[in-house]
Structure formats: structure tokens, C-alpha cells
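Data first, discussion second: the structure below is written as C-alpha cells.
Both counts, for ligands and for their atoms, begin at 1 and track the order of listing.
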Amino acid sequence: MKQSWLLLLTLFYISSEVSSWRIFRNGRMVGGNLGEPKCNCKESSIKEVQEEWFTQNLDHFNPTDETTWKQRFYSNDQFFDPKNGGPVFLMIGGEGEASIKWMTQGAWVNYAEKFGALMFQLEHRYYGKSHPTDDLSTQNLKYLTSQQALADLATFITAMNEKYSLPPDVKWIAFGGSYPGSLAAWLRFKYPHLVHGAMSASGPLLAQVDFKDYFRVIKESLATHSDDCVTAVQQGVDQIGVLLKQEIGQANLNELFKLCDPVQNSINNEKDISNLYETIADDFAGVVQYNKDNRVGSPAGANITIDVVCDIMVNQTIGPPVNRLAKVNEVLLSAYDQKCLDYNYDKMINNLRNVSWDSEASEGGRQWTYQTCTEFGFYQTSDYEPQIFGDQFSVDFFIQQCTDIFGSIYDEDFLNSATERTNTYYGGLDIEVSNVVFVHGSIDPWHALGITKTIDEEAPAIYIEGTAHCANMYPPADTDLPQLKEAREQILNLIGTWLAQ
Ligand SMILES: *[C@@H]1O[C@H](CO)[C@@H](O)[C@H](O)[C@H]1NC(C)=O
Ligand SMILES: *[C@@H]1O[C@H](CO)[C@@H](O)[C@H](O)[C@H]1NC(C)=O
Ligand SMILES: *[C@@H]1O[C@H](CO)[C@@H](O)[C@H](O)[C@H]1NC(C)=O
């Protein structure tokens, strides 16, 4: 390989003590995977929605524990038409703060208007302002499970039926995207007498420790721009490996990738290096997962699409592939207002060990990591071959994080039994349900753990070519792909069919 490009790079580096919080980690966006909808609505049509609180049981599976806590929810009755048997629509909160914007925006609001539905959104326990315990100690997190969350939803439904004096045959329809997409299907599965149907978007139904297909889909999605993009990413990553081997190269990496800590200090620290490779891979994962959806999400980030990063990757004017990779990194750091690229493993672990509700990690990073370590796995490893992001973040790297954050019992055996237990409990991809629609997008890497083909007509799948994570949930836009528009229409028709039963 020609290495003249090494010499072209300059050699200064300003060391810094700045740390910055990872915006995208383990396939999860800060704030949760379902972004906030971008409003295409008339301001005047927006109803004022208030925060409300529901007294919830701490432990649904221990009748002798009478501890309760306050769970946040939102309601909107502006479309509710009880005289015509208006149904109730329930948006399930997930691995981030519940957003009030969803109460007046998004495809489900249009459905609610159509069917005269009463609308609720229940925030997931341990996320947002729904704090069941004083802190997030590992001991307290034992009440953070999907089973408890489903029981929260069931208790909530029962209570609202009573509060609103709803008739015994009232029909509840659940909506959820990402992890709540799984919850929506599981809610219908476990509580069919309470929930009549469910729209499950981008839900990973199969718990899996080594989710290596994630980066396979990322690669295939980048290939929708061009094979050259994929090749350039791979070459750029290979060049990082070359630079890491020599001191001059290490100094170049510091500068190119705006590393918060000089990589010379980490060169013998395998976990830092794994974290560096994984963070760079996540630059692309975050872009692909949310490509062109109608999400406001984090500032500016929503505008950075596969086309934007791939146009950079194939632009030879910028320099060799590693420089283009660095350019992508720079664009993302700047979009998310980050000063430098933080890949320090111990710093990350220390952040995630913080049990305070005031900590940065309490936005959901610690809680979601706990759920992956105890129920789901979902680790987006570099184990798929051939891999374009290097092979430095294997499954051990992620299991190590579980033990480092929560304790030594959360090891490989623990994770294997945990995911097996989850799949036994819910049925994984063999879940048997009716009146559920599974919706996925072809460029969303999470589709690899979901139901993308209709096996059972009572629980059909809609697989949308070319769309990203939860795309069908966001407010319709004129620029939407025709197949996305059609999917929203199909969902509307399915809900209509269920409600007529
Ligand atoms: C995103 O792109 C749109 C259309 O190109 C533009 O109007 C908007 O200002 C951009 N938003 C941000 C945050 O850069
Ligand atoms: C390629 O990068 C150069 C330098 O940053 C820029 O001026 C040019 O507009 C880019 N070309 C394309 C086609 O994006
Ligand atoms: C946890 O985070 C809080 C709030 O940021 C901070 O004040 C506290 O020092 C942190 N605790 C530890 C042990 O790092």
C-alpha cells in the first residue's frame, strides 16, 4: 500500500481534559430511539396537553410489596368520540423520556382523528421523570424489566377504563416504535383481554447477545449510495489500523479525529481501542438508523443522511479514505455540538456507573444498558464478516461492560440465560398473536431482529423498502417515499378492520 499520505498529515495536537457524552451508543440515541416528531401540523390545531401522574405499583409480581410510585403520562381527548364507540389509543413509552409532542403529532394522531380515539402516552418506568426508586443502584434496577413495564401498562389501562367510565367492550390499540414496538406486540400477547390490537414499529422481538447482523445492514444501507462508499469506509478503517501502529500515525489520529485524549496513552489499552473503533462505526450507524425520517431529534443531526456521509466518503479531493472518515466524524461532532471524540473506556464506564437521577447517564444510558445486560443483549458487534468497521469490538467487549458497570455476575453465562429466558417468555420470532402489525424499514438495522415477512395473516408484516427506524410513525411529509405513504395507509386500514371486529 502506498503510504505517502501519512507524511502529508500535520503533527500537532492539543491535549484536553474535555469529555463528552456519546450521542449514539449500542444502537441507542441519547434520549431514546424514537425521536421527536417534526411538526407539519397547523399550530392552531395543537391542543394544550398537560403532564399527569399515575400511582403505580413498584413490584407487580410480589403482592406483599405495597410500595407505589408516580408514573408520568399524557392524555389527549380532542378527537374522542365516545358516542360512536371511540376506541383508545395508547402510545407506549420506551428507553427514553416520553415526549409531549407525540400527543399532537405523528401518524397515530391522524389515525386517532379518523377513528375518534382517546389518546394516552405512558412513560416507561425508570426513564424520563418516571422514577420508581430513589436512585439507579443496581439493587434498585431489579424492578426495571419489560415484564414490569407491561404490567404497568395493564394496570394503567384498567384504571383508565374506570376513570373514564369506558364501556366493557372498549377497544384499546397499542402503538410503539423500537423497544416499545416489541412492548406493543408483547402487550397484545400477554394481555389480549385488555388490548385489542397493536402497531409494532421496528421492534426487535428476538433477544440476542451477539447482534452481528446490525452492522451487516449498516453496510448494505451504505451500499444503497454506492459500493465505492462501502469500500472507502473499509479502507479508511484499515488506514486507522496502520496509523495506530506508529507514533507519527497516532499523533495524526489525535488531530484528524479530534480525540479528547491522545491515543498514545491508550495504545496498550485494548478497551479504549475497541471503543475508538466502535465509536467511529457508530457515527455511521446513527446516520443510517435515522436516515431521512421526519424527526427533529437532536439538533442538525437529522439532516445528516447516508447521502451526506457517503458523498464525503467518495470525495477524493478531501484526501485519502482515513481523512474522509475523519471528515464524517467532524461533521457529526459539530452537528451534535461535541468538542472532541471521547473513546476513553474507563470514563464511559464511570459515567454509566453513576446511580444518581442527576447524572448524565440517567437520561437512559445506564437504564438501557441494564436492560441489555439482563434481558436482551442486542450487542452490535464487529463479528459479521466481511466487516467494514474492523474486528475490534467483539461480543466480549460488550459483556465486559455489563460486568464493569453492574458487577461480576453479569457475565457471558448470565447473558446467555437472560436472552434465552426472554425468548422463552415472549416467543421471539415465533410469537403467536393476532391483530398485530409488524412494521420495518429495509435500511433500519433493527429489522434484522424483527418479523419482516407475513407468516400469519392475523399478524401481518409490512416491510418498507428504503426507510429507516420507526419511519412510519413520524408525521407524513410530501417528500416521503410512495411505499412509506402506502404503509401508513395499510396500517390505517388494518386498525379499521380490527375496530370493526
Ligand atoms: C435541515 O435541512 C433543511 C432543508 O434542507 C433546512 O431547512 C433546515 O434548516 C436544516 N436543519 C438544520 C438543523 O440544519
Ligand atoms: C469534495 O470536497 C471538496 C473539499 O472539501 C469540496 O470543495 C467539494 O465541493 C466536494 N465535492 C463534492 C462533489 O461534494
Ligand atoms: C454522579 O453525577 C452527579 C451529577 O452529575 C455528580 O454530581 C456526581 O459527582 C456523580 N457521582 C459520581 C460517583 O461520579
So, for [X] and [Y], is the gap between ring centers shorter than 6.0 Å?
X      : Y      : answer
Trp102 : Tyr474 : yes
Tyr343 : Phe257 : no
Tyr126 : Tyr370 : no

> Any side-chain donor paired with an acceptor under 3.5 Å for Thr138 and Arg366?
Replying inline: yes
> Please walk me through it: do Trp446 and Phe378 pass ring-ring contact (aromatic ring centres under 6.0 Å, His included)?
Replying inline: CA-CA 9 Å; Trp446 287 99; Phe378 294 154; 5.2 Å; yes
>> If the cut-off is 4.0 Å to any non-hydrogen atom of Asp358, which atoms of ligand 3 fall inside it?
In response: 4 (C), 5 (O)
> Can you name the nearest heavy-atom pair linking Gly128 to Glu123, along with the distance?
Replying inline: CA-OE2, 3.3 Å
> Picking from Tyr379, Tyr345, Phe215, what satisfies ring-ring contact (aromatic ring centres under 6.0 Å, His included) with Phe393?
Replying inline: Phe215
Short N or O separations between ligand 2 and the protein, below 3.5 Å:
from, atom 1, to, atom 2, distance (Å)
ligand 2, 2 (O), Asn315, OD1, 3.4
ligand 2, 2 (O), Asn315, ND2, 2.3
ligand 2, 11 (N), Asn315, ND2, 2.9

> Is there a nitrogen or oxygen of Asn354 sitting under 3.5 Å from a nitrogen or oxygen of ligand 3?
Replying inline: yes
